Amino acid sequence: MMESILPETPLEGGLLGRAQYWFACFFALGWTGVAGAGVLVPLVLGQPSCPLCVVQRMFMLLAATGAAYIVRTALRHGTVTGRDYMTGWGLALVAVAAGSFASWRQAVPHVLPGGGGHGREVFGLHPDVWAWVLFQASAVAVGVVLASAHATADRAVPTAGPGPHRTAGLLALWLLGLVTAVSAAAVFLQEGFHWFLPDDPRRYEFFHDLRTLGG
């Protein structure tokens, strides 16, 4: 008895599939850039980040990781399934929701005592307020792309060979990895050999601890 071998159905292309991929790249790069600025600006100004700032930065990188999951899937397989979209954007949605609460907690001192703006104002608003705005906008954007994921799933994305799609995807992944490593190192230097960060940090505890041990 001979078995018929059916040829594999080629993946469909389309503008929507590529648009969803580009959005994932820009989403990952955008949040990575914001988190990177959150690491570099305090270093330049000599003002260590407060604990809530560190928490917000962690959720920024987690949101970027959700989009990076989609990017990595497209780079490996040339397509993204509906399940992959749900996994990646679901992770990003959890991150922006938690990050939104953390930034709100810091920006609204009259609602929850102990909050307050940290850092210099940018265009009249503290950085934590801007973070809250970005988290809220990202939640809306993720909801929109999730609602349209059924139309973009299983569409071919030209990431196999050299080109702008592959270049942008690799850039997003490598930059996210670099900023995550730098952020982790900055937190370690700021925390030193202590379990918790001080509420109002004035120095990098790691170097202070080294000087204490050396003295």
Side-chain angles (χ1 to χ4, degrees), residues 20-45 47-73 84-108 112 115-123 125-146 168-191 196-199 201 204:
Q20 178 97 255
Y21 173 79
W22 278 112
F23 177 77
C25 289
F26 287 128
F27 191 94
L29 286 169
W31 274 122
T32 300
V34 174
V39 177
L40 295 179
V41 172
L43 290 174
V44 173
L45 297 179
Q47 182 181 12
S49 302
C50 69
L52 278 175
C53 294
V54 173
V55 170
Q56 291 172 62
R57 193 163 68 229
M58 292 170 61
F59 286 126
M60 291 174 184
L61 292 172
L62 185 61
T65 300
Y69 175 85
I70 295 173
V71 173
R72 181 176 179 272
T73 300
D84 291 325
Y85 278 132
M86 292 177 65
T87 300
W89 291 130
L91 178 62
L93 189 58
V94 170
V96 297
S100 179
F101 176 78
S103 57
W104 169 82
R105 164 67 177 83
Q106 187 177 23
V108 190
L112 292 176
H118 185 85
R120 300 181 181 180
E121 291 186 354
V122 179
F123 297 112
L125 296 176
H126 283 286
D128 45 68
V129 178
W130 283 114
W132 181 81
V133 172
L134 291 175
F135 279 128
Q136 292 292 307
S138 294
V140 174
V142 170
V144 171
V145 294
L146 269 177
L170 292 175
L171 176 63
L173 296 182
W174 280 104
L175 189 60
L176 174 59
L178 175 62
V179 172
T180 300
V182 172
S183 179
V187 173
F188 173 72
L189 294 177
Q190 185 176 335
E191 188 172 1
F196 302 102
L197 289 171
D199 293 334
Y204 287 89

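Since the structure is predicted, the reported quantities are computational estimates derived from the model, not experimental observations. The figures that follow rest on heavy atoms only: side chains count, while hydrogens, waters and symmetry mates do not.
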Mind checking whether Phe135 and Trp132 have ring centres under 6.0 Å apart?
no
After noting the C-alpha distance and the side-chain angles of Trp130 and Val34, does the key distance pass the side-chain contact (heavy atoms from CB on, under 4.5 Å) rule?
CA-CA 10 Å; Trp130 283 114; Val34 174; over 6 Å; no
Output the distance between atom [atom1] ([X]) and atom [atom2] ([Y]), rounded to the nearest 0.5 Å.
X     : Y      : atom1 : atom2 : answer
Asp84 : Arg72  : CG    : CZ    : 10.5 Å
Leu29 : Leu173 : CG    : CG    : 9.0 Å
Thr32 : Phe27  : OG1   : CZ    : 10.0 Å

Heavy-atom side-chain proximity of Leu176 to Leu61 below 4.5 angstrom
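Counting from C-beta outward, Leu176 and Leu61 do come under 4.5 Å.
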Heavy atoms, side chains only, cut-off 4.5 Å: are Phe101 and Phe59 in contact?
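No; the side chains remain at least 4.5 Å from each other.
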Can Ile70 and Tyr21 be said to form a side-chain contact (heavy atoms from CB on, under 4.5 Å), step by step?
CA-CA 8 Å; Ile70 295 173; Tyr21 173 79; 5.7 Å; no
Non-neighbouring partners of Ser138 that pass side chain to side chain donor-acceptor pair (under 3.5 Å), sequence neighbours left out
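Counting only residues at least two positions away or on another chain, Ser138 forms a side chain to side chain donor-acceptor pair (under 3.5 Å) with Trp31.
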The side chain to side chain donor-acceptor pair (under 3.5 Å) partners of Ser183 (sequence neighbours excluded) come to Arg57
If the condition is side-chain contact (heavy atoms from CB on, under 4.5 Å), which residues does Leu91 pass it with, not counting sequence neighbours?
Leu62, Thr65
Quick check: closest heavy atoms across [X] and [Y], and the distance to 0.1 Å?
X      : Y      : answer
Ala186 : Val39  : CB-CG1, 4.0 Å
Cys25  : Ala172 : O-CB, 4.2 Å
Ala102 : Val55  : CB-CG1, 4.1 Å
Ala63  : Ala95  : N-CB, 3.4 Å
Ala67  : Ala24  : CB-O, 3.4 Å

When you measure from the side chain of Gln56 to the backbone of Leu52, do you find a donor-acceptor pair of N or O atoms at a distance under 3.5 Å?
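Present.
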